[in-house]
Novice: 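Okay, here's the structure, questions in a sec.
Quick caveat: nothing in here was measured; it's all calculated off a predicted structure. Residue numbers start from 1 in every chain, and the chains themselves are labelled A, B, ... in the order their sequence lines are given, proteins ahead of strands.
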Protein chains: 2
Amino acid sequence: MTRRHNRTRAERGIPEATVARLPVYLRALHSLQERGVVTVSSEELAAAAGVNSAKLRKDLSHLGSYGTRGVGYEVDYLIYQISRELGLTQDWVVAIIGVGNLGRALAGYGGFASRGFRVAALLDADPAVVGAEIAGLTVRHIDELERVIDEHGVSIAVIATPASAAQALCDRVVAAGVTSVLNFAPVVLSVPEGVEVRKVDLSIELQILAFHEQRKAGGPGESAADDWSKGLSGHGDGPRRERPPGTSEYIEAVEA
Amino acid sequence: MTRRHNRTRAERGIPEATVARLPVYLRALHSLQERGVVTVSSEELAAAAGVNSAKLRKDLSHLGSYGTRGVGYEVDYLIYQISRELGLTQDWVVAIIGVGNLGRALAGYGGFASRGFRVAALLDADPAVVGAEIAGLTVRHIDELERVIDEHGVSIAVIATPASAAQALCDRVVAAGVTSVLNFAPVVLSVPEGVEVRKVDLSIELQILAFHEQRKAGGPGESAADDWSKGLSGHGDGPRRERPPGTSEYIEAVEA
DNA sequence: GACTGTGAAACCATTCACAGCT
DNA sequence: AGCTGTGAATGGTTTCACAGTC
């Protein structure tokens with residue numbers, strides 16, 4: 001069922017693919033706004049956002065009819081409409097859990113504050129960090145997690161801890177009422193129905209690049225496609241380049 | 001045209017969606033491997049990777065027929081095959097450009113080294129950082145970019161600079177022969193044909209979360225859908241919550 | 001009996017091309 | 001004349017369901 005009465009358009013339900021691009025359009029629009037541009041065509045905006053214009057128009061059409069035929073889109077107005085659709089016209093209270101290098105980078109990241117994300121708390125388990133002042137906030141001990149979430153009305157938790165700690169912390173923030181989690185730890189978090197998790201994985205992107213890079217240079221296939229003795233388990237002498245056996249595979253942290 | 005003779009299967013050309021999931025499977029497999037698991041069914045592996053089993057099987061079928069009916073997949077063997085397909089059985093030389101908090105986090109990230117990504121160089125423009133030793137490397141000055149790329153045979157550049165510097169640096173690494181770029185700066189980079197760029201955007205994910213979070217709580221729609229005076233340009237009194245006008249919109253850096 | 005590999009069906013996303021408005 | 005908004009066409013991805021293999 002859809003939601004209530006069918007107002008004008010945008011019969012609720014913007015495709016995920018579109019939602020994922022709206023922030024990109026928003027950024028491009030802000031940049032145009034700063035340069036004093038008042039009106040922009042789908043062609044121009046699409047170029048600035050790195051997509052093609054048909055896609056841009058289809059995406060925007062899901063929000064409503066905010067352009068003017070023969071003219072284009074008014075920059076300020078479109079910024080407002082996209083911001084509203086994304087929920088950026090209200091503040092979101094964010095807690096960052098794990099204050100290693102990544103947590104610090106996130107804490108100080110200007111792109112959050114300027115978009116309505118207010119980092120209200122930093123938490124860590126390491127006594128050496130607890131109490132320190134970072135980006136204007138005092139780092140609290142992870143034991144205080146539930147209290148801090150409650151105190152500040154945190155609605156989004158950012159997990160920037162080692163993988164080993166992530167699931168347990170995720171469980172705690174969810175139990176404390178948080179329903180949106182942004183996970184930087186290299187694990188698949190499981191959460192109950194109704195909780196949204198998004199993942200940013202610093203190494204997955206590199207692996208995807210490696211795949212394409214390899215393709216450019218002849219690819220795998222031919223060379224040594226099957227120098228692995230299937231059926232004989234144990235490590236055999238498989239891969240062309242053995243990795244030093246000490247490099248304990250994974251479980252690895254996001255931190256230095 | 002496909003590639004040469006049609007070996008067994010996997011007539012070259014793995015869908016992008018599949019490529020993007022292979023690293024996730026790989027991680028799940030490594031974790032199983034560490035726990036001593038020898039064989040895994042599509043159902044179990046899918047659960048560990050957070051996808052459904054039909055998708056997993058279809059994905060793996062693009063690489064080849066590496067499972068055994070009635071039994072499942074041999075963990076070691078599958079790790080090897082996926083690694084090979086992703087190009088992780090060879091080393092990739094990476095340079096990190098921009099050594100703020102994010103650059104540091106990346107430099108020390110264990111998940112890179114253990115996957116065949118060798119961070120060979122760190123570069124920055126800030127004289128206060130140049131010469132410092134971070135994660136076992138001495139930070140070089142950005143002026144030396146081309147020399148460093150050449151010296152080490154860098155094939156992947158990671159850009160972790162403020163947005164304002166990103167495009168120019170990207171142009172330089174591309175001119176120096178790099179064909180894969182991982183971009184953390186909040187800008188759309190343009191590159192010539194044949195160069196692969198991937199983007200990780202710390203704030204886009206948060207914005208997507210905000211969108212869904214807002215949905216849970218009644219959404220926009222009803223309330224104040226059109227309190228913006230279209231046609232009257234200038235800032236009007238639009239959004240429900242005005243942001244402090246000082247918060248200079250974007251152009252913002254990834255750094256603290 | 002158990003589980004993979006895969007056609008076929010269903011679904012979603014992108015692109016095309018043009019009617020419709022300004 | 002110029003540009004948006006959108007049906008229709010295309011292409012890609014996910015899911016279903018089961019034949020084939022161990």
Novice: Send over the distance from B:Y25 OH to C:dT4 P, rounded to a whole Å.
Specialist: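 Going from OH in B:Y25 over to P in C:dT4 covers 13 Å.
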Novice: How about A:R115 and B:S203: does a side-chain donor come under 3.5 Å of a side-chain acceptor?
Specialist: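 No.
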Novice: Evaluate A:R215 against B:E85 for salt bridge (charged side-chain N to carboxylate O under 4.0 Å, His left out), listing each step before the verdict.
Specialist: CA-CA 10 Å; A:R215 273 298 150 90; B:E85 197 62 52; 3.1 Å; yes
Novice: Quick one: A:L60 CG to D:dC3 P, roughly how many Å, whole number?
Specialist: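 Rounded to the whole Å, the gap is 16 Å.
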Novice: Taking the six-membered ring for Trp, is the centroid-to-centroid distance between B:Y77 and B:Y80 below 6.0 Å?
Specialist: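 So the answer is no for these two rings.
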Novice: Could you check how far CG of A:L56 sits from C1' of D:dG5, rounded to whole Å?
Specialist: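 So the CG-C1' distance, A:L56 to D:dG5, works out to 12 Å.
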Novice: Just how far, in rounded Å, is C1' of C:dC21 from OH of A:Y66?
Specialist: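 Spelled out: OH on A:Y66 to C1' on C:dC21 is 18 Å.
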Novice: Under a 3.5 Å cutoff, is there a donor and acceptor pairing between the side chains of B:S42 and B:R57?
Specialist: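 Yes.
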Novice: Specify the separation, in whole Å, of atom NE2 of B:H62 and atom C1' of C:dG7.
Specialist: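 In whole Å, C:dG7 C1' lies 12 Å from B:H62 NE2.
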Novice: Between the protein and nucleotides 17-22 of chain D, which nitrogen or oxygen pairs come in under 3.5 angstrom?
Specialist:
unit_1 : atom_1 : unit_2 : atom_2 : d
D:dG20 : N3     : B:R69  : NH1    : 3.1

Novice: Return the value, rounded to whole Å, for the distance between atom CG of B:D59 and atom P of D:dG12.
Specialist: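 These atoms are roughly 16 Å apart.
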Novice: Checking contacts here: which listed nucleotide (C:dA13, D:dT14, D:dC3) is nearest the side-chain heavy atoms of B:K55?
Specialist: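 Ranking C:dA13, D:dT14, D:dC3 by closest atom to the B:K55 side chain puts D:dT14 first.
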Novice: Starting at the 5' end of DNA chain C and moving along, which residue's nearest nucleotide shows up first, A:E16 or B:E43?
Specialist: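 The residue closer to the strand's 5' end, by nearest nucleotide, is B:E43.
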Novice: Verify the distance criterion only: is there a donor paired with an acceptor across the side chains of A:E213 and B:T179 at less than 3.5 Å?
Specialist: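 Yes, because at least one side-chain N or O of A:E213 sits under 3.5 Å from a partner of the opposite role on B:T179.
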Novice: Look at the side-chain N and O atoms of A:S42 and state whether any lies under 4.0 Å from the OP1 or OP2 oxygen of D:dC3.
Specialist: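 Checking D:dC3 against A:S42, no side-chain N or O comes under 4.0 Å of OP1 or OP2.
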Novice: Does B:E196 have any salt bridge (Lys or Arg N to Asp or Glu O under 4.0 Å) partners at least two apart in sequence or in another chain, and if so, which?
Specialist: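 With neighbours one apart ignored, the set is empty.
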Novice: According to side-chain hydrogen bond (donor to acceptor under 3.5 Å, both in side chains), who are the partners of A:N183, at least two apart in sequence or on a separate chain?
Specialist: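 A:N183: no side-chain hydrogen bond (donor to acceptor under 3.5 Å, both in side chains) contacts found.
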Novice: May I ask you to verify whether the side chain of A:K58 and the base of C:dT15 hold a donor-acceptor pair under 3.5 Å?
Specialist: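 A donor-acceptor contact between them is present.
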Novice: Would you say A:N52 reaches C:dT15's phosphate, i.e. side-chain N/O to OP1/OP2 under 4.0 Å?
Specialist: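 True: A:N52 side-chain N/O within range (under 4.0 Å) of C:dT15 OP1/OP2.
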Novice: Please report, rounded to the nearest Å, how far the P atom of C:dC12 is from the CD1 atom of A:I14.
Specialist: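 These atoms are roughly 16 Å apart.
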Novice: Round to the nearest Å and state the distance from B:L78 atom CG to C:dG5 atom C1'.
Specialist: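 Going from B:L78 (CG) to C:dG5 (C1'), I get 14 Å.
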Novice: Hey, does the side chain of A:Y73 come within less than 4.0 Å of D:dG5's phosphate (OP1/OP2), counting only N and O?
Specialist: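 So the side-chain polar atoms of A:Y73 do come within 4.0 Å of the phosphate oxygens OP1 or OP2 of D:dG5, strictly under.
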